[in-house]
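As C-alpha cells, the structure follows; a few thoughts come after it.
In what follows, chains are A, B, ... by sequence order, proteins preceding strands, each numbered from 1.
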Amino acid sequence: MAERGGTSSAGGPAAAPGIDAREPTKKPKYSRFSQQELPAFKPILTPGWVITAFVTIGVVFVPIGVGSLFASQQVVEILDRYDLDCVPSSFSENPVNYIQDSNTNKTCTRSLVVPKQMKAPVYVYYQLTNFYQNHRRYVKSRADAQLRSKSSEGETTTCAPEAVTGDNQPIVPCGLIAWSLFNDTYKFSVDNKAIDVNKKDISWKSDREHKFGSDVYPKNFQSGSLIGGGKLNESVPLSEQEDLIVWMRTAALPTFRKLYGRIEVDLEANQRITVLIENNYNTYNFEGKKSLVLSTATWIGGKNDFLGAAYLTIGGLSLFLAICFILVYLVKPRPLGDPSYLSWNKSPADQTDG
Amino acid sequence: MKRYAYINDDGPSQDLYRDNRISNTKYTVLNFLPKNLWEQFSRFMNQYFLLIACLQLWPLITPVNPASTWANEREVWVVENGIKKLIQAQDIRVGNIVWLRENDEVPCDLVLMGTSDAQGLCCVETSALDGETDLKTRVVPPVCMGMDPVLLQKIKGVIECPSPDRDIRRFDGNLRLFPPFIDNDVCPLTIKNTLLQSCYLRNTEWACGVAIYTGNETKLGMSRGVPEPKLTAVDAMIDKLTGAIFIFQVVVVMVLGVAGNVWKDTEARKQWYVKYPDEGPWYELLVIPLRFELLCSIMIPISIKVSLDLVKSLYAKFIDWDEKMIDRETVTPAHATNTAISEDLGQVEYILTDKTGTLTENKMIFRRCCISGVIYGNESGDALKDTELLSAIETGSPDVIRFLTIMAIGNTVIPVKSKNGAILYKAQSPDEDALVQAAAKLQMIFVDRSANILEIWFNGRTIHYKVLETLEFTSDRKRMSVVVKENDTEKIFLLTKGADEAILPCAYAGQQTRTFTEAVEQYSQLGLRTLCFAWRELMPDEYHEWSLVFKEANSTLVDREWRIAEACQRIEHDFEILGVSAIEDHLQDGVPETIETLRKAGINFWMLTGDKQNTAVQIALSCNFISPEPKGQLLMIDGKTEDEVCRSLERVLLTMRITTSEPKDVAFVIDGWALEIALKHYKKAFTDLAILSRTAICCRVTPSQKAQLVQILKSCDYRTLAIGDGGNDVRMIQQADIGVGISGREGLQAARAADYSIGKFRFLTRLILVHGRYSYNRTAFLSQYSFYKSLLLCFIQIFFSFVSGVSGTSLFNSVSLMAYNVFYTSIPVLVSVLDKDLSEETVMQHPQILFYCQAGRLLNPTTFAGWFGRSLFHAVVVFMISLNAYTYEKSEMEELSMVALSGCIWLQAFVVTMETNSFTILQHVAIWGNLVAFYALNFAFSAVPSSGMYTIMFRLCGQPSYWFTIFLTVAAGMGPIFALKYFRYTYRPSKLNVLQQAERMGGPILSLGTIESHPGTIEREVSPLSISQSKSRSPVYEPLLLDSPNTRRSFGAGGTFEFFQSQMRLSSLYSRNCKDN
C-alpha cells in the first residue's frame, strides 16, 4: 500500500480518526462458539464403518429374534370363537333378535381341549373383533372426574349421549364406554369339577387406586329404555368393579382382548375343559366376533410372533446388506474423494449431474 | 347495586333487567367473537403470533427511530407570543421559535434564525441523520444576519417551504420578514439554513430557529418509512412448499371426510355402542371433515416460523461476531442489519458493485497533472516530486499558479486549525481533499475560510479572496464553480473544475483542447480519476447582471435545481482551460482475489460506476473483473441517438449469442447515456443481454439507473447483491435482494441503508461463501426437517384413523402433540445452526461448491419430496411396528400412543444425527439430551395421578417388549436410509460428498485444490498481458500500459486486440462529440 503523502502542513485524513473514535469497543469478544469454531467430530461414511454397523445390527438382532420367537412359541394359547355357535339354530338367520330378546336362553356350553400343559397362572381373556373402542365418539364419552370422586358426580357433560337419565339425574358411571360394558360370563370346569377364576387384580393397580373412587357407587346405571351392556352392583364401589375398570381402558384397535380373570391351577395337556358361557353381549349387529382365549404368558407377554419375526428379518437383511457392501467394495473399490469427480472446469450444466 | 323488583308493574322497570332467557349454547351471536378469540389466544402459539403481529403494527417500535418516544417529554425553550418559556418538545408548533444551547438535540426541523456566532454560523453533528460524524456548518439566512437576540424574539415573517419530504440534502424555501424588521425582499433558504431533527448543536453557544416541520413530518420522520420487506428465495420456496402441503392437507381432509361420512352411514349405524343419533344437525356432513382438518392441522408446522426466526437471528449474530470480518484498520466489525435474509447470501447470482470506495479505497492521492499542455509527473509517477513543476512554481508561471489556486480554493473544503498549529481539511469529497492537500504541498496553502473570505499563502505571500457565489456540484452538471473576487486587485474570477465532458466543450472559441483530451484519455487509461480545471475573468457588469439571475433561481420553489443549473449555464462558458489533474485511488486489499473467488463460485459481476469508461475498464482489468484478450472480450454499447444505440445493442447481443458456446469471458460496456436510451426504448433487448452476460461495466450511471439495473436483473429472477459505499448507491442497495454497504470514507449512508455492512470489499467472500452458504444449508435442512417431523406425526394420525372407524380420533394426547412440536423435535434441530458440511477452508478453496446453494439444490421440490417420502416411510414403520407389537391384550390407547411417540422421537434423534455433518459438543447434548429429556418429561407426566398418562411410562419402560419395539423401529426406519445414503455417498457421490471425503480423509483432492487455488495460477490464467503480470499482484493500482500514445497504438496495431481497437474508436468518437458541442 502506498504511503499517503503526509508532510508538513496538511494533517492526516480527516475521516479515518473519526471512524476510529466512533466504534472503539465494538470489537466482538472471541469465543469458539461465536466464531463457529467449536471442536467438532466429523464422521464420514467409510465402507469399514458402514459394514461394521450393519454386521453389528445383524449380529445383535438375529439372536434377539430367535429368543423372542422361542418365547412366543412357549406360550400355550387356546382360542375359541363362540358367537355364532352359541346362537340356537332357530335364530341363526336372525341372531340380533335372539340376543336382544330378554326371554331367550343365553347359556351355551363349549368344550376346549388343552393342547399342551398350561402352567398357572392361565389368563382368561375375551376377544372382540370389529369393535371400535377407539371411535372418537366412544372414546370421548366418559368423565374421569366423576369416576374418581363422589363430589364430581354431576360432571357429566363430556358423557353425552349417556350423561343423564330422562329426569336429569346423573348416571354414574356415565358415558358410552361404561354403558356398553361387556357382560358375557364364563364358568370353567374340568370333569364336572369347577375351576375357580380369580377376578381379583385383573385391572391396573393404579386405576383402582387413583382413577376409580372407592366412595363412588353406581347410580341410575342402565336405567334408561335402551340397555347397552352389563349392569353393575350398586352396593359395590367403582374401585372394586374390576370388569368395568378393565373395560374402560379402551383398546386402540378394533380387535382386542381384555382380561376376564386368571385360572390359578395348571391345566394339563389333553384335558377337556367345559365352559359355560352366558352369551349376553350383542356383537351380532355389526358382525363382531366374540372369542374366549386361555393363554399363558412369558417374559415377552402373550403369544406374538411379530417381534421375533421382525427382528429376524431386520437382522437377516442387515447381514445381507453387509455382505453386499463387502462384495461391491471388493469387486469395485472406489477411492473416497477421487478428484476425477471434481470437474469444476466444465460448464455449470455439467455440474448438475452430481 | 341493589336491585328493585317492581311487583306487577307494567311500567318501564320491566326492561331494567334482562329477561329470563337461558343461554346454554357455548356461543351466542354476541359472544362468539370475544369468546372464541379468548379461547384461541389461550394457546401459546397464537399468543406468540398475536404478539408479533401487534409488535409489527406498532409503528413506534418497528423501524428504529432515534427520536423515539422519550423525546416527546423533553423540555425545550420556545418563544410564544414574544415570551420565552419552557415547554415539552411534543408541544412545539410550526412557526415557534426554538432556542437551543450547545449539545442540545434539535427537536424538530428548524430554519436557523440566529446564533451566538457573529458571522451567523453554527456547527451541527448529523450522525443520527446520515451517519456522518464530521461537523457540518449551518448559516443564518442573510436577512437575519447579525440580529439582536432580543429582536429575534419578536421577529415576524413568513417562510415558504415545500410540503414535507424525506430528502435530507435539500430544502428549497423562502423567507420574507414583515416590516419593520426588513424590507419585503425574499430571501432564499437552502438546506444550509436548516437544523434538522435529531442533529446536535456543537461548538456553538446557542442557536435559535423557526420550526418548519414537526413530529412525523420532519425530514427524519418522513425518511423513516417502512422499507419493502425482503423475502429470501428460501422463504419463498418454503412458502411454496407450505402451499403444496396445504393443498395436500385439503385433499387428505376431503378424502378422509368423505370416507368418514360413508363409514358412518354404513358401519357406524350398526355399532350400537357408538349411539349415533338418527337425525343429526344440518351441518352433520361437515363435522367429520372438520375434525380431520383439525387433526391434520399439524401438517404445517407452526414451529417452523419460530425456529426459523431463532436460527436466522443467530446467523446474523455469527456475522456480527465474526473476527475474520473485522476491518483491522478502522476496527469496524461486519454487521447484519437485516437478520432475516442470510440464506439469500448463499444464493447470490449477480453482484452489482460500485467502484469508487467499494473496489477502491477511496483514498485519493494527487498523482499527475497537465497544465497548459505540459504534462507533469509522468516520469516519477508523482507530480509533487516533478522538478519541472516545482521550478514552474518557483518562476511563477501564471497558468500554473492559476491551476494551483483552483486546486486550493475551488472547493467547499473547510480548513481547521488544530491545536498544534497544523491545518486539517474537512472535505466532503475525497477528491477535493486530495487536491487541497496537494496544493498545500506545492506551496499554495489554503489557510482559512472565515465567512466568505478565503485566505491562502503562496510562497510566503498571503492572498485574500472573497467568495461571491458557489455554484455547487451536482451529478447532472458534473462540475462546480466558485466566483471569487481577489481582494488586492478587485478582479472577479470564475474558477471551475469538473469532468472533462462538462468542461472541455465550454472552452472559448479557438482554444486547442486536443492536448487536454489526450491527457484525459491517457490518465484514464491508467485508471486515474481526472478533473479538468478552467477559469475566466468576469467583468463586474457581467457578474452583477448574472448574480441577479442566479439569486432569483436560488429562491424559486419549483424546480429550483433545474433553474439553478440553467443559471449556471449562463456564466459557465468561454472558459480558458488550464489543465487536467489526475488522482489515483488505491485498489483495496484483496479485491482481485475476492472477485476471482466469487466468479469461480459462479457469481456474475456487474460494475456500476459514475466514473469514465476508460477508468472503469482499467480498474476492471486490474481487479480480475474482466480478462484481457484473448480470453476475454469487451463489447461496447454506445451511441448518442436511439438508432445508434439500437444497432450497437443488437450487434453486441448477436456477438454474445455466438460466443456463449465458447469458453470466453465476454463482457459488455455501456455508458450512462446509451443505458438511458436502452432502458427506455430497448428494454427487452437489454434484458436479453443482461441474461446472457456474466460481466458488465456500466459507466457514468446515475443512482436511479443503478437501481433500474438491479430491477432488470431481479425481474429475470436472479438473486442480486448490490454493494456500495456512498449515498449514490443507497437506491441500488435498497432495490437489490441483498444490499451490502461498505462503511467507508463516504460516510455511513450506504451502510445504514444496507442489509449488511462490512468494512472492506474482501469480506464479501466470507460473507457469501461462509455465512451465506452455511445459512442456506442450515435453513434448508431445518425447514425440511420441520415439515418431515410434522408430516410424520400427521401420517400416523391418518393411518390410525383407518383403524378407528375414520372417526377422527387422535392417537396422541394433546400434551404429547404440543410437546412434540415445541420440545421434543425443535431443540435437536435448532443446534443444526452449528452444522458445517464442509470446513471454511475447503469452501474457500473450492468456491464452485456454492453452485449447490445458488441452484437451490438443497431445498427444492425434489429434495422436499425425499423428505416427504421419508416421513411417509417412517410413519409406516412406526405405525406398523407399534401396532403389531402391541396387539390384543396389550392394545391400550395410552400405551400404544406412547410407544408410537417414543418410536417417532427415537427416529428423529437418528435422522438428525444422520443429517448432521459435524458434531460439536452442543449437538451431542441437544440430540441425546433431548432423548433423555423426553423420558424425564414423560416420567413426570406419568407421575401425576390426574393426567391421562398416569403410570403409563413407568409401565412401558419396565417391559422388555417396549424396548424391543423401539429398537426395531429405529433399525427398520434408519437401516434402509442409512444404506441408501452410504451407497450414494460412495458410488454416486455429489461434488459435496467428494469434497467432504477429501477434507476428512486428507484425500488427493485437497492437495490438488491447494495447487489450484495458488495465487500464482490465477494470475497466469488471467493476465497474459506481460506488463500487467508483475503489477497486478500489488494491491495498489499501477498502470497496465506504458504511457505514450505510440505504445498504445502499437498494441492496437498488434491485431486481434479488439478491446483496444474499440477504445480507439471510442476516443475518435469522443473528440467528435467535443466538436459537436
Side-chain angles (χ1 to χ4, degrees), chain A residues 1-2 5 7 9-11 14-15 18-20 22 26-28 30 34-36 38 40-42 44-45 50 57 125 132 134-139 161 176 180 206 210 249-254 256-257 285-286 299-302 306-307 310 314 321 334 336-337 339 341-342 344 348 351 354, chain B residues 133 270-275 318 321 323 330-331 333 365 422-424 426 437 440-441 445 602 745 803-805 807-809 848 851 884-885 888-889 891-893 896 918-920 945 950-951 960-961 964 968 971-972 979 982 985-986 989-991 994 996-998 1000-1001 1003-1005 1008 1036:
Chain A
M1 195 183 298
T7 42
S9 58
I19 295 170
D20 275 337
R22 196 184 315 148
K26 225 176 156 185
K27 203 180 139 191
Y30 180 85
S34 70
Q35 298 306 308
Q36 307 188 57
L38 285 173
F41 166 57
K42 299 176 175 179
I44 57 165
L45 297 175
V50 174
I57 292 177
Y125 299 100
Y132 288 86
N134 55 13
H135 194 280
R136 188 189 148 97
R137 215 177 137 79
Y138 186 81
V139 151
L176 287 175
S180 59
S206 58
H210 296 283
R249 277 268 154 210
T250 50
L253 292 177
F256 59 89
R257 289 176 186 174
N285 262 44
F286 48 89
W299 57 274
I300 200 158
F306 171 78
L307 272 183
I314 298 288
L321 270 175
R334 204 173 248 244
L336 288 181
Y341 301 115
L342 267 189
W344 302 123
Q351 292 177 19
Chain B
T133 46
K270 297 185 211 154
Q271 313 274 2
W272 55 268
Y273 51 88
V274 180
K275 241 187 176 177
F318 280 140
W321 286 333
E323 292 256 317
T330 56
V331 202
I365 296 170
I423 297 168
L424 295 174
K426 291 212 160 183
Q437 305 240 17
K441 277 169 216 154
I445 306 167
R745 279 161 215 283
V803 298
S804 64
S807 58
T809 318
Q848 290 92 337
F851 176 75
N884 281 305
Y888 298 134
E889 75 276 5
S891 117
E892 201 273 326
M893 276 286 265
L896 185 72
S918 64
F919 296 89
T920 65
Y950 182 53
T951 69
S961 55
F964 282 169
L968 183 67
Y982 165 71
Y985 194 79
T986 316
S990 67
K991 306 275 188 290
V994 175
Q996 274 174 347
Q997 292 159 1
R1000 287 161 199 194
M1001 296 173 59
I1005 297 187
L1008 186 88
V1036 181

Contact summary for [X] and [Y], nearest pair of heavy atoms:
X      : Y       : value
A:S34  : B:F318  : O-CD2, 3.5 Å
B:V274 : A:R137  : O-NE, 2.9 Å
A:I44  : B:R1000 : CG2-CD, 3.2 Å

(message) Between B:P945 and chain A, with a heavy-atom cut-off of 4.5 Å, which part of the residue counts as in contact: side chain, backbone, both or neither?
(response) both

(request) Select, from B:T809, B:T951, B:L896, the one with the greatest count of heavy-atom pairs under 4.5 Å involving chain A. (result)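 Highest number of heavy-atom pairs under 4.5 Å: B:T809.
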
With a 4.5 angstrom heavy-atom cut-off, is it the side chain or the backbone of [X] that approaches chain B, or both, or neither?
X      : answer
A:H135 : both
A:L253 : both
A:Y125 : side chain
A:F306 : side chain

(request) Name all residues meeting the salt bridge (Lys or Arg N to Asp or Glu O under 4.0 Å) criterion together with A:R249; count only those two or more places apart in sequence or in a different chain, and write none if there are none. (result) A:D207, B:E892

(request) Could you have a look at A:S180, A:A251, A:P161 and say which one has the most heavy-atom pairs with chain B under 4.5 angstrom? (result) A:A251

(request) With a 4.5 Å cut-off on heavy-atom pairs, point out which of A:F256, A:Y132, A:F41 contacts chain B the most. (result)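 Maximum pair count with chain B is reached by A:Y132.
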
Under the 3.5 angstrom rule, does the side chain of [X] hit a backbone N or O of [Y] as a donor-acceptor pair?
X      : Y      : value
A:R136 : B:S807 : no
A:N134 : B:V803 : yes
A:Q35  : B:E323 : yes

(message) For B:Y273 and A:Y138, take the angle between the two ring planes, folded into 0 to 90°, and tell me which bin it lands in: parallel under 30, tilted 30 to 60, perpendicular over 60.
(response)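 B:Y273 and A:Y138: perpendicular rings.
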
(request) Would you give the length of the straight line joining atom CG of A:L176 to atom CH2 of B:W272, rounded to the nearest 0.5 angstrom? (result)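 Reported value, rounded in 0.5 Å steps: 9.5 Å.
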
(message) To the nearest 0.5 Å, what is the distance between CG on A:L307 and CZ on B:F964?
(response) 8.0 Å

(message) According to side-chain contact (heavy atoms from CB on, under 4.5 Å), who are the partners of A:L321, at least two apart in sequence or on a separate chain?
(response)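 For A:L321, the residues satisfying side-chain contact (heavy atoms from CB on, under 4.5 Å) (neighbours in sequence not counted) are A:F54, A:F325, B:A979.
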
